[in-house]
Amino acid sequence: MNGSQCGYCSPGMVMTMYSLMKSKQGAVSMEDVENALGGNICRCTGYRPILDAFKSLASVSEKELPDIEELKICPKTNTACSAKCPVAASLIEPGRTVHLVAGDDREWHKVYTLAEIFSIFSKIGTRPYMLLAGNTAHGVYRRSESLQVFIDITSVEELRNYFLRTGELIVGANVTLTEFIEILDKTAKKRPNFRYCGEIARHLRLIANPAVRNAGTIAGNLTLKNQHPQFPSDVYILLEALGAKLIVGSAMLQRPLSSGQQYYDTNKKNWPVTKYVPKLEGLAQTSGEAKYTNDFPPFPGELYATFVVATQLNSTIGKIDPTEALKLPGVVAFYSAKHIPGVNNFMSDGMHIYFPDVEEIFCSGRVLFHGQPVGVIVAERFDQAVRAAKQVNIIYERISDEPICPTIKAVLAHRSKDRIVSQPASSRTSQQVDVQVSKKLQGTLELAGQYHYTLEPQTCVCVPMENGMDVYAATQFIDLVQVAIAAALNVPENSLNLTVRRLGGGFGAKLTRSSHIACACALAAHLSRRPVRFIMTIEANMSTIGKRYSCVSNYQVEVDSKGKILKLANNFMQDYGCNLNENVVDDAKVVFGLSYNSSAWKVEGSSVLTDAPSNTWMRAPATTEGIAMVETIMEHIAWITGVDPMQVRLSNMPAGSKLVTLMPQFRKDVEFDKRKQAVDEFNAKNRWRKRGIAMVPMQFPLVHYGALHAQVSIYAKDGTVAISHGGIEIGQGINTKAAQVAAFTLGIPLEKIAIKPSTSMTSPNAAMTGGSMTSEVVCYAIKKACEILNTRLQPVKDELKAAPWEKITQTCYARDIDLSVLYQYKKSDLKPYSIWGLSCAEVEIDVLTGQIQLSRVDILEDTGESISPGIDVGQIEGAFVMGIGYWLTEVLVYDMSNGALLTNRSWNYKPPGAKDIPVDFRIRLIQTGDNPSGVLRSKATGEPALTMAIVVVFALRYALRSAQKDAGRPDDWIALGSASTPDKIFLKASNAYEQYKLK
């Protein structure tokens with residue numbers, strides 16, 4: 001029931017499962033389900049609930065009844081359609097070629113024979129053409145815009161056949177990879193001399209994902225390798241190696257079927273609060289009926305907008321010439337900084353959070369990063385706008401030959417000290433240390449950035465109206481968007497009507513950054529006086545929008561023989577990108593010392609300016625880095641002293657910390673010591689496979705900020721209730737919790753509650769939706785509004801005694817009793833509190849390849865008295881899996897010559913997939929009910945679990961330590977950071993070619 005959060009990926013998940021069921025006639029196994037979903041990306045849920053839902057459809061039955069809604073009745077026979085109608089069949093002309101010509105003279109051909117292909121070749125002469133089969137290569141290398149002729153060869157049987165002859169297996173070039181795998185498996189089983197084909201098939205199953213393998217062909221893969229030699233083609237390598245003798249060092253890690261367990265309590269007297277209920281929007285999301293910003297049908301006269309971006313750093317914008325772009329069909333206009341009637345700034349210094357720096361909507365001077373917008377093109381179609389944006393000529397004026405530094409490491413390598421902005425140190429008088437009884441250690445922790453990877457891109461739709469403009473922005477911060485657009489257009493704020501129904505994921509990407517897209521879109525609509533739709537491509541999103549702050553920490557520590565810290569200094573710096581608007585250093589310093597006795601610690605944090613987009617808050621900003629830094633130090637202390645890592649932590653914690661009680665109990669519950677012994681025994685018996693296990697504690701600070709409104713209205717006739725609030729539904733279940741609290745407080749069924757879109761009218765000046773606190777404060781405002789309504793209703797209830805709810809509301813209406821309340825939450829209404837948690841991870845690695853598998857993860861998180869356990873479990877799983885991506889799979893790579901981001905789409909940037917999650921994933925909620933600072937004794941859950949994902953790195957280090965020992969290397973500390981991808985794991989595993997020699 002928590003398998004749909006933001007819901008943007010849900011229809012795709014459903015269609016993948018539908019296709020699987022259809023192709024297998026309903027007889028699918030649980031393994032089939034996991035394999036089929038390998039190509040679908042979900043950033044919210046952590047996949048586990050999605051897999052569980054679809055596994056419930058697994059069956060060994062060969063025949064299943066069709067869905068009644070899918071039955072089609074034949075008007076001739078009045079029975080279910082058999083899909084074999086002779087009348088329809090007579091209309092089909094098998095083998096008939098198709099030739100279509102588009103308005104721009106591009107041609108599309110559908111052919112059935114090789115002769116027809118060569119016939120087309122003879123007619124088109126030297127015109128650029130493309131043979132089309134699966135067309136999956138477009139995801140790797142974008143198609144050339146010069147192509148004029150497209151030839152669909154998917155139905156050419158001569159290219160799809162296969163046959164065996166003496167010593168040879170002949171396979172058609174246009175066979176898909178999935179079909180190739182089936183052919184190889186079948187051949188291996190039937191012909192003993194072709195048994196090696198089974199091994200080839202096994203490896204081919206690791207290529208890409210089912211969706212790609214179902215469409216992509218052998219010829220397409222090899223052609224891609226031919227045209228782009230740098231393309232890493234496994235098909236090419238396998239076919240090239242077939243004539244060679246292969247020696248396999250170890251079998252690949254085999255992933256078992258995954259499973260999950262969730263443990264939580266519920267209090268029936270408080271239902272629907274504390275009840276595990278389905279997400280309100282779940283059915284609409286999975287059916288594809290839920291509407292997002294870009295689901296509005298086209299408005300009359302609508303235009304599409306695309307950024308024009310600068311690509312040369314160390315220069316200023318001299319001149320922008322859009323002449324060639326404006327000549328292209330469908331292109332309407334180009335707007336730049338000189339066209340902005342107001343302020344060229346998509347931020348504001350007047351918000352509840354201070355933003356000191358101007359961030360230009362369009363660059364008007366020095367270029368700060370590769371991909372910085374200098375203007376916007378508007379055209380009749382999306383593809384026209386994208387094509388035209390590349391034709392705008394930007395003339396640069398070179399002003400510097402300074403080294404380009406898109407990362408902290410580049411800044412340090414070039415010793416560009418002027419880019420480092422120091423913050424005041426957090427320190428106290430250090431204790432005097434007896435050096436004779438202390439041990440000293442020092443180390444460095446490197447944390448890279450991370451892309452938010454929302455499935456819904458940055459987007460906005462602006463529609464000019466008679467008295468202003470309607471703005472449909474995919475934003476977590478309505479107030480900033482409204483303020484920034486008003487300032488940019490030089491119009492009053494009350495002329496802008498902002499509406500947000502839901503977002504297809506946020507994670508912080510749509511807090512301040514969404515204002516940039518909204519301002520550009522609104523400007524285009526304002527100047528053209530036409531509706532404008534702005535949709536950023538994934539490449540544009542990744543190149544232009546900031547990401548998680550990277551961090552480098554250098555620490556020196558002195559401890560006693562038991563691991564107690566006597567002196568600690570941590571000097572860290574964080575990558576802010578091209579300005580200092582969103583502060584994280586101060587918060588990271590606070591979190592760093594939060595869980596431990598830190599009176600003797602000295603912590604210095606610095607902000608670093610780099611040649612990259614302004615970095616921005618991302619799920620658990622500052623807390624992720626703060627906890628990672630301090631917990632890495634604790635692990636390092638345990639390594640050097642030989643003291644148990646958990647004991648090191650207990651020795652340095654305040655006596656009153658809840659973790660002092662929780663940690664030993666969690667250790668016992670997850671059977672840590674028993675499992676650790678089993679890990680050690682496995683490692684002693686295996687040279688090329690290693691396992692690791694670790695635990696990590698968490699204390700997460702929850703603070704409140706800003707203000708927002710909630711409007712609760714009762715409709716008298718039927719007693720239904722509508723709610724609009726200032727929070728934004730981004731997948732975190734805010735609307736479900738809001739409805740549960742309203743139903744509980746009013747004492748009516750949950751089905752009576754409906755949540756309406758968030759608007760700038762209902763909740764003006766609203767705080768941004770972020771920091772894990774918004775669900776809580778919205779529930780607080782709704783609870784207070786409902787309590788006011790209850791006070792108004794009470795005299796009527798007393799008079800009518802046990803009357804039905806509808807009778808009470810109708811009577812109130814007849815007496816002109818106000819049935820609508822607007823209540824404003826403010827930050828002083830709630831007090832800050834800590835969220836406690838523990839996680840344990842067990843991993844297995846292949847030393848020869850660096851491949852890693854998460855065998856099991858246990859998470860214990862303090863949720864107070866959970867308002868909605870299903871929602872909270874989903875938030876914890878999703879946050880942790882996002883953390884898995886941060887620590888193990890997601891890498892940002894820049895071109896150091898020009899600052900361009902090279903990993904700018906899913907081909908080369910890898911968020912976790914369904915088969916990257918823990919094989920055994922267990923969640924337990926601590927529902928203590930002792931949080932007087934929370935709403936209805938609950939606690940927030942959106943971000944904390946992400947900070948505990950570092951446990952996978954600690955477990956990985958444990959495994960690598962065993963590999964290091966077996967390799968005969970010194971027992972030196974193994975530095976690991978983010979992201980520890982398979983190539984880095986391999987390099988850290990003490991591999992050397994001498995070890996592979998046969999004795």
Side-chain angles (χ1 to χ4, degrees), residues 6-12 15 100 102-104 106 108 145 281 284-285 287-308 322 325-326 328-335 373 375-391 454-475 478 481 485 489 495-505 510 514-541 756-760:
C6 86
Y8 211 75
C9 73
S10 300
M15 292 312 298
L100 303 174
D104 56 2
R106 296 189 180 192
W108 177 277
E145 293 180 2
E281 300 95 336
Q285 288 172 340
S287 65
E289 296 173 278
K291 301 301 180 186
Y292 299 83
T293 300
N294 275 312
D295 287 327
F296 286 104
F299 292 91
E302 179 180 281
L303 299 174
Y304 285 87
T306 298
F307 278 136
V308 176
L326 294 175
L328 295 175
V331 179
V332 174
F334 168 75
Y335 305 116
V376 65
I377 278 280
V378 287
E380 301 285 350
R381 298 202 316 258
F382 175 73
D383 61 323
Q384 292 171 338
V386 172
R387 188 177 302 118
K390 299 174 184 177
Q391 300 303 314
T454 58
L455 272 291
E456 176 192 47
Q458 297 280 359
T459 186
C460 183
V461 179
C462 293
V463 184
M465 306 297 289
E466 62 183 51
N467 60 348
M469 185 181 295
D470 289 345
V471 179
Y472 304 95
T475 180
I478 286 180
V481 170
I485 290 178
L489 302 186
S495 69
L496 303 172
N497 312 308
L498 275 83
T499 302
V500 181
R501 182 56 176 131
R502 61 175 59 85
L503 303 187
K510 298 169 185 172
S514 60
S515 176
H516 194 177
I517 288 80
C519 284
C521 185
L523 175 70
H526 178 75
L527 296 176
S528 67
R529 299 307 303 166
R530 294 170 66 175
V532 174
R533 189 181 300 256
F534 200 134
I535 312 167
M536 294 188 74
T537 64
I538 187 171
E539 292 98 331
N541 266 273
K756 301 301 181 180
S758 301
T759 71
S760 55

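Position 1 is the first residue of the sequence; numbering continues from there.
- Taking 4.5 Å as the limit, some side-chain heavy atom of F299 sits within range of a side-chain heavy atom of V461.
- Residue L328 holds its CG atom at 12.0 Å from NZ of K390, rounded to the nearest 0.5 Å.
- Taking the centre and axis of the six-membered ring of Y304, the NZ or CZ atom of R381 falls outside the cone set by 45° and 6.0 Å.
- S528 places a side-chain heavy atom less than 4.5 Å from the side chain of L303.
- The backbone N or O of N541 lies less than 3.5 Å from no partner atom in the side chain of Q458, so there is not a single donor-acceptor pair.
- Across C462 and C521, no two heavy atoms sit closer than the pair SG-SG, 3.6 Å.
- When all heavy atoms are compared, the tightest approach of I535 to P457 is CG2-CG, 3.9 Å.
- Of the possible donor and acceptor atoms, one in the side chain of S760 sits under 3.5 Å from a partner among the backbone N and O of L498.
- Interatomic distance, CD of Q285 versus OH of Y292, reported as 4.0 Å (0.5 Å rounding).
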Carefully, step by step, assess V500 and T475 under the rule side-chain contact (heavy atoms from CB on, under 4.5 Å).
CA-CA 7 Å; V500 181; T475 180; 3.9 Å; yes
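- Here the closest heavy-atom approach between residue A379 and residue V331 is recorded as CB-CA, 3.9 Å.
- Counting only heavy atoms from C-beta outward, the side chains of F296 and V463 never approach each other to under 4.5 Å.
- No side-chain heavy atom of Y8 sits less than 4.5 Å from a side-chain heavy atom of T454.
- Residues R530 and P464 are not in side-chain contact: their nearest non-hydrogen atoms beyond the backbone lie 4.5 Å or more apart.
- Counting heavy atoms from C-beta on, the side chains of D295 and Y472 never come closer than 4.5 Å.
- M469 contributes atom CE, which lies 6.5 Å from atom CZ of R529 (distance to the nearest 0.5 angstrom).
- Between F307 and H516 the shortest side-chain heavy-atom distance falls below 4.5 Å.
- At least one side-chain heavy atom of S758 sits less than 4.5 Å from a side-chain heavy atom of I478.
- To the nearest 0.5 angstrom, E456 atom CD is 7.0 Å from N294 atom CG.
- In this structure, L455 and C9 approach most closely via the heavy-atom pair CG-CB, 4.4 Å.
- Summarising the geometry of I517 relative to C460, their closest heavy-atom pair is CG2-CB, 4.1 Å, with the distance given to 0.1 Å.
- Judged by distance alone, with hydrogens and angles left aside, the side-chain atoms of K510 form no donor-acceptor pair with the main-chain N or O of A473 at under 3.5 Å.
- A distance-only check finds a donor-acceptor pair linking the side chain of T459 to the backbone of F534 [under 3.5 Å].
- Summarising the geometry, atom CD belonging to E302 is positioned 10.0 Å from atom CD belonging to E380; distances are rounded to the nearest 0.5 Å.
- For the residue pair S514 and V481, the shortest heavy atom distance occurs at OG-CG2, 4.1 Å.
- R502 places a side-chain N or O within 3.5 Å of a backbone atom of K291 that can act as its donor or acceptor partner.
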